[in-house]
Amino acid sequence: NDTAGWTKAQGDDDDTGATQLLGIALGTNSSNHGMLTKGLIRMPSAKVVGTYVIGAPLYFESGTAGILTFTVPSGSEEIVRQVGYCIDKNGTTDILLYFNPSDTYIELA
């Protein structure tokens, strides 16, 4: 964000992920563990909602910061920006995410 820190992105807040650089924390402390800005990462089920589909894109969840969803945002003033694709799934416990945020987004009217 504009204070040189990381903020959780949210699908209904264009100030937290519409045009900003996106990253996923590689641990509990971004300064010590780093941030993934592109690549493969295992995402726990607590951070992903919707029906897991291999090959499907993921988006920001609206209403809950830091959560990804398989459902394309459709509400007024929600942000549509793909953040990556589901490469594999491990039952209902986690997914292998190819994190590769789109450079573009739209805000729904």
Side-chain angles (χ1 to χ4, degrees):
N1 63 26
D2 59 4
T3 62
W6 291 94
T7 302
K8 290 181 181 181
Q10 187 169 323
D12 55 2
D13 182 356
D14 60 353
D15 292 330
T16 66
T19 61
Q20 295 79 8
L21 173 68
L22 300 178
I24 295 179
L26 295 174
T28 57
N29 183 317
S30 61
S31 296
N32 292 336
H33 304 124
M35 298 291 286
L36 177 74
T37 57
K38 183 177 183 180
L40 295 169
I41 189 167
R42 285 258 173 222
M43 294 293 292
S45 61
K47 298 292 182 184
V48 181
V49 297
T51 302
Y52 292 21
V53 179
I54 295 173
L58 285 105
Y59 306 88
F60 298 125
E61 172 68 10
S62 295
T64 307
I67 303 295
L68 301 179
T69 181
F70 285 95
T71 304
V72 179
S74 61
S76 178
E77 298 185 6
E78 289 184 344
I79 302 301
V80 181
R81 182 178 179 187
Q82 287 185 356
V83 296
Y85 293 88
C86 176
I87 301 299
D88 193 15
K89 61 181 179 173
N90 180 9
T92 59
T93 58
D94 62 19
I95 67 167
L96 180 62
L97 170 68
Y98 174 50
F99 185 69
N100 185 19
S102 172
D103 289 337
T104 59
Y105 77 97
I106 60 171
E107 184 173 353
L108 301 173

Review point. Rounded to the nearest 0.5 Å, how far apart are CG of Leu108 and CG of Asp12?
Key: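 Answer rounded to 0.5 Å: 11.0 Å.
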Review point. Just how far is it from atom CZ of Arg81 to atom CD1 of Ile106, taken to the nearest 0.5 Å?
Key: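 Result: 13.0 Å between the selected atoms.
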Kindly give the heavy-atom pair with the smallest separation between [X] and [Y], and that separation in Å.
{"X": "Trp6", "Y": "Ser30", "value": "CD1-OG, 3.8 Å"}
{"X": "Ala9", "Y": "Gly17", "value": "CB-CA, 4.3 Å"}
{"X": "Gly66", "Y": "Lys8", "value": "N-CB, 3.8 Å"}
{"X": "Asp94", "Y": "Pro44", "value": "CB-CA, 3.9 Å"}

Exercise for review: Can you establish whether the number of heavy atoms outside Glu107 located under 6.0 Å from its atom CD is more than 12?
Suggested key: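 Enclosed: over 12 neighbouring heavy atoms sit under 6.0 Å from CD of Glu107.
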Point to revise | Lys47/Ile24 under side chain to side chain contact (heavy atoms under 4.5 Å, CB included): CA gap, chis, key distance, verdict | key: CA-CA 11 Å; Lys47 298 292 182 184; Ile24 295 179; over 6 Å; no
Does any N or O in the side chain of [X] come within less than 3.5 Å of the main-chain N or O of [Y], such that one atom is a donor and the other an acceptor?
{"X": "His33", "Y": "Leu26", "answer": "no"}
{"X": "Glu61", "Y": "Tyr59", "answer": "no"}
{"X": "Gln10", "Y": "Phe60", "answer": "no"}

Transitive ILVMFWY side-chain link [X] to [Y], under 4.5 Å:
{"X": "Val49", "Y": "Ile95", "answer": "no"}
{"X": "Ile41", "Y": "Leu22", "answer": "yes"}
{"X": "Leu36", "Y": "Leu68", "answer": "yes"}
{"X": "Phe99", "Y": "Met35", "answer": "no"}

Would you call [X] and [Y] a side-chain contact if the rule is heavy atoms closer than 4.5 Å?
{"X": "Tyr52", "Y": "Asn90", "answer": "no"}
{"X": "Lys38", "Y": "Tyr98", "answer": "yes"}
{"X": "Cys86", "Y": "Leu58", "answer": "yes"}
{"X": "Ile54", "Y": "Lys89", "answer": "yes"}

Check your understanding: Pick one: which of Thr93, Asp88, Leu97 meets side chain to side chain contact (heavy atoms under 4.5 Å, CB included) with Arg42?
Key ->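 Running side chain to side chain contact (heavy atoms under 4.5 Å, CB included) over Thr93, Asp88, Leu97 with Arg42 returns exactly one hit, Asp88.
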Point to revise | Thr51 vs Phe70, side chain to side chain contact (heavy atoms under 4.5 Å, CB included): CA-CA, chis, key distance, verdict | key: CA-CA 7 Å; Thr51 302; Phe70 285 95; 6.0 Å; no
